[in-house]
Amino acid sequence: MAALYPFLLFLHGLTRWFVVLGGAWLVLSALGSLGRGGSADVAPVRTPWKAYMGSIHLQLLLGLVLLFVSPLAQAAMGDMGTAMKVRPMRFFVVEHTTMMLVALVIAQWGSVKARNASSSAAAARTSLIFGGLSLLLILAAIPWPFMGEIARPWLRSW
Ligand code: HEM
């Protein structure tokens, strides 16, 4: 268990970059296909959606395991009253987790809507709105190195 924690933190911190790059790829592809206008091809956003959703699902899985393995999360869940007053505990167990789950639901919803869209313009519009919104939420909930008490490194070694 003691060795699993740093390894999971390393993986969860690394996978964040696949999520961010996947989201950026999706938004840029959607913008590109909006610009191209009325072709009936829904394909331009299909592969970016697969990359984005795959990395978010992996991140969710790692995050869920971390909730049970992280000493910080375990201490927080053992005494939620105190945890709500301690910024890093509240952030990781409540804010980070909730915002990421909401982002995942929005992204999942958007990927299904885009897949069933009737034209490439509709798929691009849906991808831009749902993909963009979920990516913004994710970017806001990542503990970036400049975030004071909750700061985590750009990339962790393990
Ligand atoms: C797209 C989704 C997510 C992204 C991009 C993300 C990103 C991150 C990052 C960058 C860290 C810091 C890693 C480090 O210290 O090197 C972190 C920590 C953590 N995340 Fe996530 N996360 C996501 C989803 C989740 C979810 C859904 C959960 C819970 C179900 C979760 C639970 C945690 C926990 C418990 C920690 C560790 C706190 C600690 O022990 O220091 N994460 N996350």
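As the structure is a computational prediction, the values presented were derived from the model and not from experiment. One-based numbering along the sequence shown. Just so you know, ligand 1 is whichever comes first in the structure, and atom 1 is the first atom listed for that ligand.
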Test item: Trp154 and Trp17 side chains (from C-beta on) under 4.5 Å apart, heavy atoms = yes
Should we count CH2 of Trp144 as having more than 12 external heavy atoms under 6.0 Å?
-> yes
Best match, [options]: closest heavy atom to [atom]:
{"atom": "atom 35 (C) of ligand 1", "options": "Ile150, Leu67, Thr98", "value": "Leu67"}
{"atom": "atom 34 (C) of ligand 1", "options": "Leu8, Leu139, Leu66", "value": "Leu66"}
{"atom": "atom 16 (O) of ligand 1", "options": "Met77, Met100, Arg156", "value": "Arg156"}

Could you tell me which atoms of ligand 1, counted from 1 in the order shown, lie closer than 4.0 angstrom to a heavy atom of Leu60?
-> 27 (C)
Contacting atoms of ligand 1, where contact means under 4.0 angstrom from a heavy atom of Ser70 |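 Result: 39 (C), 40 (O).
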Shortest protein heavy-atom distance from [atom], along with the residue and atom involved:
{"atom": "atom 39 (C) of ligand 1", "answer": "Tyr5 OH, 3.4 Å"}
{"atom": "atom 17 (C) of ligand 1", "answer": "His12 CD2, 3.1 Å"}
{"atom": "atom 10 (C) of ligand 1", "answer": "Arg16 CZ, 3.6 Å"}
{"atom": "atom 28 (C) of ligand 1", "answer": "Gly63 CA, 3.6 Å"}
{"atom": "atom 41 (O) of ligand 1", "answer": "Arg152 NH2, 3.0 Å"}
{"atom": "atom 1 (C) of ligand 1", "answer": "Gln59 CG, 3.7 Å"}

side-chain contact (heavy atoms from CB on, under 4.5 Å), paired with Ser134, selected from Ile129, Leu139, Val102, Ile106 = Ile106
Can you find an N or O of Thr97 that's nearer than 3.5 Å to an N or O of ligand 1?
->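 There is no such contact.
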May I ask you to check if ligand 1 and His96 share an N or O to N or O distance below 3.5 Å?
-> yes
Do Arg90 and Glu149 sit within salt-bridge range, that is, some charged N less than 4.0 Å from a carboxylate O?
->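 The answer is no: the pair does not qualify as a salt bridge.
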Ala107 to Trp49 - nearest heavy-atom pair and separation |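 Result for this residue pair: O-CZ3, 3.3 Å.
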Counting N and O atoms only, with roles assigned by atom type, does the side chain of [X] sit under 3.5 Å from a partner on the main chain of [Y], one being a donor and the other an acceptor?
{"X": "Thr97", "Y": "Val94", "value": "no"}
{"X": "His57", "Y": "Met53", "value": "yes"}
{"X": "His12", "Y": "Leu62", "value": "no"}
{"X": "Ser70", "Y": "Leu67", "value": "no"}

Examine the proximity of ligand 1 to Pro143 and report which part, side chain or backbone, both or neither, has a heavy atom under 4.0 Å away.
-> side chain
So for Phe10 against ligand 1, with non-hydrogen atoms under 4.0 Å, the contacting part is neither
Plane angle bin for Trp109 and Phe130 - parallel if under 30°, tilted between 30 and 60°, otherwise perpendicular = perpendicular
